> 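Below is one structure. I have some questions about it.
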Number of protein chains: 2
Amino acid sequence: MKTQLKKGTLDMCVLAALAAGDSYAYELVGILSRTMEISEGTMYPLMRRLQAEAWVSTYLVESASGPSRKYYTLTAEGRRQLSWMQQEWREFVNEVNAVLGLAAGAGTGEAS
Amino acid sequence: MKTQLKKGTLDMCVLAALAAGDSYAYELVGILSRTMEISEGTMYPLMRRLQAEAWVSTYLVESASGPSRKYYTLTAEGRRQLSWMQQEWREFVNEVNAVLGLAAGAGTGEAS
DNA sequence: ACCATGTACCTTGTAAAGCAAGGTATGTGT
DNA sequence: ACACATACCTTGCTTTACAAGGTACATGGT
């Protein structure tokens, strides 16, 4: 139900996961799913976008137990992008929290 | 450019602003604009949604210097919704920050 | 009288993103 | 032969933010 909140953050999350080491889409779903909900239908189009932006590059690796895996590596530009996104993310969180602070003093003790 | 990040948070922000006191759409744009970017084209449809969900109710007030203002008040359900949204927001921020933490140890010192 | 400006409301169409549902193919175990 | 896990992918839907445009009232300047 918090689908909307994720908009715009998943790119950053995937880049962050890739900063910890190369991975492939199917595995990334598993990795991120430990912390947050994300589905394959989200991941595959997302990876295409990241590649279109040249934030990641790919290489194929045969698997001993299944079809080949399409690994993704962060590019230098991807690393820069991650850094930028994290900055924007922190700014945004601060902005929202500041607005939430508006409500802090109000309505809590409504006894006349 | 961080349009996507806002998805899902603006409802909450508006409800929070209304928790600090009744207001009308045009004024809310001004209030929130002190902290974050938001446009009228976003606000008016948003207010309709809030009302459709019964999180706010409205009343008209004539203005001395312009057309009548459509004031919005938080309903009891709106207050509950705000509380719920804030909880989800905090959870979500924690989740994202946890994922960003994955990258913390990697790639920072890439010597050898 | 006329017009610009500020206030205040609103709608339409576009773009982006997440997701459920479905589909394909490979390898392993029964 | 069949089921299952792995691993890839696409289509169509939904929600949301926003730019652009439109209406109407009140005030001040010329």
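For clarity, every value in this text was computed on a predicted model and none was experimentally measured. Below, chain A is the first sequence line, B the second, and so on; all start at residue 1.
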> Is it the case that D:dC18 (base atoms only) and B:Glu40 (side chain only) share a donor and an acceptor within less than 3.5 Å, ignoring hydrogens and angles?
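Answer no: no donor N or O sits under 3.5 Å from an acceptor.
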> Find the distance between CD (B:Glu88) and CD (A:Gln4) and round it off to the nearest 0.5 Å.
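These two atoms lie 12.0 Å from each other.
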> With respect to the phosphate group of C:dC19, does any side-chain polar atom (N or O) of A:Lys7 fall under 4.0 Å of OP1 or OP2?
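A:Lys7 to C:dC19 OP1/OP2: no side-chain N or O under 4.0 Å.
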> Determine the minimum heavy-atom distance between A:Leu60 and A:Lys70, stating which atoms define it.
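Between these two residues, the closest heavy atoms are CD2-CA, 3.8 Å.
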> Any side-chain N or O of B:Tyr26 below 4.0 angstrom from OP1/OP2 of C:dT7?
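For C:dT7, OP1 or OP2 has a side-chain N or O of B:Tyr26 closer than 4.0 Å.
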> Check B:Met85 against B:Trp55 and note the closest heavy-atom contact, atom names and distance.
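Heavy atoms only, the tightest pair is CE-CZ3, 4.0 Å.
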> Scan A:Thr42 against the nucleic acid and name what it touches under 4.0 Å (heavy atoms): base, sugar-phosphate only, or nothing.
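A:Thr42: base contact, heavy atoms under 4.0 Å.
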> Is B:Leu74 reachable from B:Tyr71 through a run of I, L, V, M, F, W or Y residues, each pair having side-chain heavy atoms under 4.5 Å apart?
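No: no chain of side-chain contacts under 4.5 Å links B:Tyr71 to B:Leu74.
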> Between D:dT16 atom C1' and B:Met36 atom CE, what is the distance in whole Å?
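Result: 14 Å.
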> Let me see the working for B:Val96 and A:Trp89 under side-chain contact (heavy atoms from CB on, under 4.5 Å), right down to the final yes or no.
CA-CA 10 Å; B:Val96 171; A:Trp89 166 249; 3.6 Å; yes
> To the nearest Å, give me how far apart CG (A:Leu46) and C1' (D:dC9) are.
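Nearest whole value for this atom pair: 14 Å.
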> Over how many whole Å does the gap from B:Leu60 atom CG to C:dA8 atom C1' extend?
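For the pair B:Leu60 CG and C:dA8 C1', the rounded distance is 11 Å.
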> Using OP1 and OP2 only, check whether a side-chain N or O of A:Tyr24 sits under 4.0 Å from D:dC8.
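False: A:Tyr24 side-chain N/O out of range (4.0 Å or more) of D:dC8 OP1/OP2.
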> Is B:Met47 linked to B:Tyr44 within one hydrophobic cluster, defined over Ile, Leu, Val, Met, Phe, Trp and Tyr using a side-chain heavy-atom separation of less than 4.5 Å?
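Hydrophobic grouping puts B:Met47 apart from B:Tyr44.
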> Round to the nearest Å and state the distance from A:Arg48 atom CZ to C:dA16 atom C1'.
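Spelled out: CZ on A:Arg48 to C1' on C:dA16 is 18 Å.
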> Can you tell me the distance, in whole Å, between the OH atom of B:Tyr44 and the C1' atom of D:dA19?
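To the nearest whole Å, that distance equals 15 Å.
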> With rounding to the nearest 0.5 Å, note down the distance linking OG1 in A:Thr42 to CD in A:Glu40.
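Rounded to the nearest 0.5 Å, the OG1-CD separation comes out at 10.0 Å.
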> May I ask you to verify if any side-chain N or O of A:Arg69 is less than 4.0 angstrom from the OP1 or OP2 atom of C:dT26?
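No.
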> Enumerate the residues from residues 82-100 of chain B whose closest heavy atom to DNA chain D is under 4.0 Å, giving them by residue number; use none for an empty result.
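Heavy-atom cutoff 4.0 Å gives no residues at all.
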> Examine D:dT15: is either OP1 or OP2 under 4.0 Å from a nitrogen or oxygen in the side chain of B:Arg49? Give yes or no.
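Checking B:Arg49 against D:dT15: no side-chain N or O falls below 4.0 Å of OP1 or OP2.
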> Does A:Lys6 place a side-chain N or O at less than 4.0 Å from the phosphate oxygens OP1/OP2 of C:dC19?
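Yes, A:Lys6 has a side-chain N/O under 4.0 Å of OP1/OP2 on C:dC19.
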> Using a 3.5 Å distance criterion without hydrogens, assess whether the side chain of A:Thr75 forms a donor-acceptor pair with backbone atoms of A:Ala54.
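Yes.
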> Could you list all N or O pairs between the protein and nucleotides 23-28 of chain D that sit under 3.5 Å apart?
none

> Nearest-nucleotide wise, let me know which of B:Ser68 and A:Asp11 is further upstream toward the 5' end of DNA chain C.
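Between the two, 5'-proximity favours B:Ser68.
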> Tell me whether the side-chain N/O atoms of B:Lys70 come closer than 4.0 Å to OP1 or OP2 in C:dC10.
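Yes.
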> If you measure from NZ on B:Lys2 to CD on B:Glu37, what distance do you get to the nearest 0.5 Å?
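Here the interatomic distance stands at 7.5 Å.
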> Taking atom P of C:dT11 as reference, at what distance in whole Å does atom CE of B:Met43 sit?
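Rounded to whole Å, this separation is 15 Å.
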> Can you check the B:Leu5 CG to C:dA16 C1' distance for me, whole Å?
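Checked: the CG to C1' distance equals 12 Å.
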> Show me, pair by pair, the donor-acceptor contacts under 3.5 angstrom made by side chains of residues 9-32 of chain A, not counting sequence neighbours?
unit_1: A:Thr9; atom_1: OG1; unit_2: A:Lys6; atom_2: O; d: 2.7
unit_1: A:Asp11; atom_1: OD1; unit_2: A:Arg49; atom_2: NH1; d: 3.4
unit_1: A:Asp11; atom_1: OD2; unit_2: A:Arg49; atom_2: NH1; d: 3.4
unit_1: A:Asp22; atom_1: OD2; unit_2: A:Tyr59; atom_2: OH; d: 2.6
unit_1: A:Asp22; atom_1: OD2; unit_2: A:Thr73; atom_2: OG1; d: 3.1
unit_1: A:Ser23; atom_1: OG; unit_2: A:Glu27; atom_2: OE1; d: 2.5
unit_1: A:Tyr24; atom_1: OH; unit_2: A:Arg69; atom_2: NE; d: 3.2

> Without decimals, in angstroms, what is the distance between B:Lys2 NZ and C:dA16 C1'?
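Computing the B:Lys2:NZ to C:dA16:C1' distance gives 18 Å.
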